[in-house]
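Heads up, the thing below is written out as structure tokens.
Here the structure is a predicted model, which means the values were calculated and not measured. We name chains A, B, ... by the order of the sequence lines, and we start the count at 1 in each one.
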Amino acid sequence: MTAQDDGIPILQVGEGALIQPPDLEAFRAFNRAKTKALVDKLTDERDAIDRFVADGDYVGFELYGTVRCPMGLTRALIRAGRRRLRIAGQGVHEADLLLAAGMVTDIDFTYIGQEVYGVSDCVRRALESGAVGEVVEWSNAALSWRFKAAAMGVPFLPTRTLLGTDTLRRSAAKVIACPFTGIPLALLPALVLDVGFIHVHRADRFGNCQIDGISGFAVEMARASRRLLISAEEIVETDAIRRQPDRTLIPYYLVDAVVHHPFGSWPGEMGGRYERDTEHYRMFLEWQRTAEGAERYLADWVHAVPDHAALLEKVGPEHLAALRLDRPEGAAR
Amino acid sequence: MTAQDDGIPILQVGEGALIQPPDLEAFRAFNRAKTKALVDKLTDERDAIDRFVADGDYVGFELYGTVRCPMGLTRALIRAGRRRLRIAGQGVHEADLLLAAGMVTDIDFTYIGQEVYGVSDCVRRALESGAVGEVVEWSNAALSWRFKAAAMGVPFLPTRTLLGTDTLRRSAAKVIACPFTGIPLALLPALVLDVGFIHVHRADRFGNCQIDGISGFAVEMARASRRLLISAEEIVETDAIRRQPDRTLIPYYLVDAVVHHPFGSWPGEMGGRYERDTEHYRMFLEWQRTAEGAERYLADWVHAVPDHAALLEKVGPEHLAALRLDRPEGAAR
Amino acid sequence: MNDRPYSASELLICLASRLMDDRTTAFIGTGIPMLAASLAQNRHAPDLVPVFEFGGTGAILEKLPLAVGDMRTYHRAIAASGICDIMETAQRGFIEYGFLGGAQIDRYGNLNSTSIGDVRRPKVRLPGSGGANDVGSLCWRTIAILHHDRRRFVDTVDFVTTPGFLTGPGAREAAGLPRDTGPYRVVTNLAILGFDEVTRRMKLLSLNPGVTVQQVIDNTGFELLLADPIGHNDPPTAEELALLRERIDPDGLYR
Amino acid sequence: MNDRPYSASELLICLASRLMDDRTTAFIGTGIPMLAASLAQNRHAPDLVPVFEFGGTGAILEKLPLAVGDMRTYHRAIAASGICDIMETAQRGFIEYGFLGGAQIDRYGNLNSTSIGDVRRPKVRLPGSGGANDVGSLCWRTIAILHHDRRRFVDTVDFVTTPGFLTGPGAREAAGLPRDTGPYRVVTNLAILGFDEVTRRMKLLSLNPGVTVQQVIDNTGFELLLADPIGHNDPPTAEELALLRERIDPDGLYR
């Protein structure tokens with residue numbers, strides 16, 4: 001027995017709020033009740049949002065920037081008018097739209113911006129005005145590891161990031177001295193989402209999903225979500241899943257609804273399928289500079305159409321066809 | 001601030017020895033010094049063992065039972081006569097042979113047996129006689145999570161297994177009250193291997209590896225190993241790796257040596273390639289019942305041949321051909 | 001049991017199989033649970049999801065696996081991942097049943113598969129926990145399958161490899177094991193046993209064909225609770241035996 | 001700089017590129033680091049291993065990525081995994097360099113990309129850490145690329161998003177950050193700066209073409225240490241410019 005066996009010192013406690021405190025026992029009970037049967041979950045976007053997303057939910061989106069984002073589902077969520085959402089601010093373009101639509105009360109924040117194009121004016125307006133309540137700071141790794149903790153079914157993960165910074169001070173992490181090595185570690189609390197939204201290359205109607213190329217944080221977020229909504233470029237037969245079970249990143253029992261959304265990441269890109277619609281995205285960037293412009297964007301490109309299929313019609317088949325890639329990158333099929 | 005912010009109580013400390021204490025700073029420094037260049041690492045088994053395995057090393061093997069085991073490398077290790085090895089006792093058939101050869105001083109033990117065929121007499125002789133020094137108890141998940149902690153670069157992972165049992169009492173885990181939820185958690189110390197041995201379906205000469213079907217704990221163990229020796233059924237061009245980068249489970253920079261070992265898991269199976277040689281395995285089970293039989297097995301089936309290629313000749317091409325599968329299972333290529 | 005048209009193993013397989021509900025997840029270990037799972041898939045539980053600790057989820061058990069990692073554990077499976085993913089899935093509460101074996105069991109369902117005698121200098125060194133401790137810790141309901149005699153059903157196990165109800169009511173929760181989990185059934189060559197909801201002690205639920213209560217008591221090294229009434233387990237049906245012998249294990253690997 | 005045959009961006013790209021050693025791993029962020037990495041691969045560092053936080057490792061940067069997750073970050077890559085794998089690889093000590101930007105930097109190389117003014121009611125809310133804190137915490141050597149003026153090179157950053165040497169010698173280690181890590185270079189439109197081995201304070205190392213020491217001092221909001229002697233950075237070569245303009249960014253996306 002060493003001295004530290006008497007107890008582990010807590011060296012620092014982040015002052016940020018724990019917006020979604022981890023309750024692993026409740027998560028286990030919820031997961032137990034989810035059906036393990038192979039039932040058809042293919043539905044339309046409106047039904048998926050209606051049945052599985054409530055006002056006040058804590059929600060998260062994968063992937064990042066304008067890459068493989070569940071934009072079709074995000075627009076459906078905005079049309080459905082869900083309110084007082086709390087979000088993991090790592091999705092970027094979806095978060096932009098939700099903030100523009102005034103749907104967000106609290107954010108676990110790591111990055112909401114336009115990457116090479118700089119700051120997001122939607123974020124600036126929402127946060128500089130105080131319209132958003134809790135804003136708790138994290139890093140990309142920290143938020144991903146928080147999902148991973150939930151995915152592992154443990155209430156925290158120890159890490160060596162955040163330490164010594166204001167990011168940690170404004171987070172809800174705790175710093176302890178390691179009981180095995182004595183080094184300080186930042187403990188990141190598990191983040192269990194009420195609803196996760198993920199866009200994938202292909203899924204079967206039961207919810208088994210494959211993703212080509214990088215997997216971002218899909219594996220972790222899918223497992224950290226109580227309810228999980230999937231949009232997919234392509235719906236495949238289960239036989240295609242069973243032929244290559246080592247490609248199933250998200251097994252069906254995690255999934256509540258599957259929505260068929262070709263060009264579901266538009267105006268973002270989808271690896272091996274289509275490029276980002278930079279022309280449209282630049283227009284969005286231009287419009288979002290003012291609150292009026294952002295509202296006009298939502299009116300024209302979200303509310304003006306009833307659903308994703310109608311939006312694709314509005315964008316135009318020729319325009320979309322020009323974004324298509326001839327040759328797949330990353331994962332050859 | 002809550003009461004527990006004053007410190008975290010340590011509720012229990014396993015009485016087992018920490019055979020390989022985690023030192024994350026040393027691991028980082030070691031990993032920094034490994035080459036990141038694409039250099040040719042293809043070599044023969046003797047050279048790989050000579051250069052990368054020393055007496056006293058802590059070593060580990062993947063996968064389990066008689067499935068995708070690096071048996072060619074294990075036999076080379078026995079021929080090389082390495083001594084005083086400390087091992088993660090999760091590899092099963094390799095561990096059997098190393099114990100029979102008297103090469104092991106300490107074991108982090110989870111399972112060494114013959115699955116449906118019952119106990120291992122090599123294990124019984126070694127442990128009941130006291131020939132092995134430290135024997136520390138874990139579970140399969142616990143040992144895998146210890147690799148995962150090392151793979152994540154953190155000194156421990158919290159888990160909800162082992163709790164309340166003699167397995168925990170005879171382990172080196174520590175039980176704390178979670179600083180976020182208050183529930184007791186078993187903290188498993190990271191396990192950094194001096195040398196890891198993994199057999200894969202295909203690798204390029206730089207060490208990039210693909211595995212078909214289940215991945216066992218290859219992903220974690222590869223990342224938990226200071227030095228990593230790979231044997232592969234097939235050596236492929238790097239172009240095959242770059243065409244499907246999402247299939248690279250072990251990237252080259254982790255790897256120190258690549259050995260081409262067709263039938264490298266023999267007498268075990270290799271998913272989609274060949275079945276277990278049950279006839280030979282049953283013979284081994286029969287022989288290993290006595291110390292003399294086990295010695296005879298090592299003499300006849302390890303020391304009698306200079307290397308893996310010679311062993312395959314001894315087993316006989318027709319015998320091996322009969323083990324081949326016509327149709328791949330699991331992952332269609 | 002030579003006068004019966006089925007073997008002791010076949011009875012155990014059928015009893016275990018009938019406990020496997022359709023549309024549930026079950027951790028499957030080597031041997032009898034594999035046969036039982038295959039029988040269940042072929043009979044009453046086509047959507048049983050077998051989970052194997054080294055990565056196979058939702059395999060179609062057309063060919064009988066020989067080991068928990070072999071390629072039949074992910075034959076036409078839903079997913080083939082790795083042990084951490086599987087164990088974390090259990091830790092998150094997704095795995096309903098876990099099947100276990102062991103050399104000793106006590107009244108609280110604690111199991112020993114580590115050693116007979118002191119573990120530091122064992123009289124018999126057993127193969128060790130493997131995934132058993134994890135299955136017993138993380139699944140909702142565990143089902144043990146054992147041969148029923150006084151060497152195995154003991155007052156105190158030499159080593160608690162895998163947690164049952166530990167020292168009794170509340171002990172699992174106090175140790176930090178997930179809430180509402182624990183031993184559910186013990187299937188033996190004599191009977192099916194369960195656990196009292198309040199005392200957590202083992203209770204005789206139903207007898208195998210031709211077995212008496214006294215026989216069970218005589219072969220148990222601790223005081224058993226008795227259900228009232230005590231039920232009777234049906235012998236293997238002709239359908240079950242035909243499936244087992246003709247489709248599932250035609251080579252008699254496990255007979 | 002209109003009298004020069006290269007733009008300010010092109011100079012930054014070339015300076016950053018020359019810092020990328022062959023056969024090393026480098027975390028690449030959006031913008032200038034992407035161009036610099038591509039230039040390095042095309043010129044002196046064919047075996048540079050670009051690492052992108054959302055999973056791309058060892059891509060061949062034939063086409064310029066537009067975002068840290070886009071498909072060009074894993075074009076003909078060695079591996080395409082996910083953010084946890086990449087960040088854990090950094091945490092294990094495998095990533096040598098990390099490139100960073102920011103709105104403010106102080107003498108110890110601490111970076112702010114979170115907010116101007118109090119973060120609880122910011123004057124300007126910036127995009128946030130993203131992966132910056134992780135890169136600054138877990139890589140061995142970080143290289144910041146910034147525009148050089150007194151609004152950015154400040155005495156005290158409004159918010160330490162990403163750790164430099166924090167409050168000075170020993171502070172990183174005391175906070176628990178991995179040993180021997182920290183800021184290595186700051187590349188600006190005026191100069192290349194480093195950090196004193198003992199005091200950990202920022203030090204002017206070498207000047208860009210046509211820039212004077214006084215200009216650098218005038219544009220820095222804290223006292224700079226000065227190397228002795230102070231070096232001079234070569235302008236972009238014709239080869240570098242040709243590669244940039246003709247092969248790497250022919251459409252002038254980043255010009």
Contacting moiety of [X], where chain D heavy atoms sit under 4.5 Å:
X: B/L38; answer: both
X: B/A33; answer: neither
X: B/V39; answer: side chain

Worked verdict on B/Y253 versus D/T57 for side chain to side chain contact (heavy atoms under 4.5 Å, CB included): CA-CA 11 Å; B/Y253 55 78; D/T57 299; 4.1 Å; yes
Working for salt bridge (Lys or Arg N to Asp or Glu O under 4.0 Å), residues D/D180 and B/R28: CA-CA 10 Å; D/D180 295 332; B/R28 278 182 59 90; over 6 Å; no
Rounded distance [0.5 Å steps], [atom1] in [X] versus [atom2] in [Y]:
X: B/N31; Y: D/I95; atom1: CG; atom2: CD1; answer: 10.5 Å
X: D/D21; Y: B/K36; atom1: CG; atom2: NZ; answer: 12.0 Å
X: B/E220; Y: D/E88; atom1: CD; atom2: CD; answer: 9.5 Å
X: B/R32; Y: D/T181; atom1: CZ; atom2: OG1; answer: 9.0 Å
X: D/F94; Y: B/R223; atom1: CZ; atom2: CZ; answer: 9.0 Å

Proximity of residues 29-38 of chain D to chain B, residues having a non-hydrogen atom under 4.5 angstrom: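 Expected list: none.
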Main-chain N/O of B/A37 paired with D/R23 side-chain donor or acceptor, under 3.5 Å: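 Such a contact is absent between D/R23 side chain and B/A37 backbone.
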Side-chain donor or acceptor of B/E25 paired with backbone N/O of D/R179 under 3.5 Å: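 Answer holds: yes.
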Heavy atoms from other residues, nucleotides or ligands near CZ of B/R51 exceed 12 (cutoff 6.0 Å):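 Above 12, so yes.
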B/A240: side-chain contact (heavy atoms from CB on, under 4.5 Å) partners, not counting sequence neighbours: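 Partners of B/A240 by the side-chain contact (heavy atoms from CB on, under 4.5 Å) criterion, ordered by chain and then number, come out as B/V236, B/R243.
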Residue part contacting chain B, namely of D/S81, when any heavy atom lies under 4.5 Å: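 Nothing of D/S81, per the 4.5 Å heavy-atom cut-off to chain B.
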Part of D/D22 lying under 4.5 Å from any heavy atom of chain B: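 No part of it gets close to chain B.
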Distance-minimising heavy-atom pair for B/I241 and D/I78: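 So the two residues come closest at CG2-O, 3.6 Å.
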Closest non-hydrogen atom pair between B/P245 and D/Y74, with its separation: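 Minimum heavy-atom separation between B/P245 and D/Y74: CG-O, 3.9 Å.
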Partner chain D: residue of B/L24, B/T35, B/T238, B/D239 with the largest heavy-atom pair count (under 4.5 Å):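 Highest number of pairs under 4.5 Å: B/D239.
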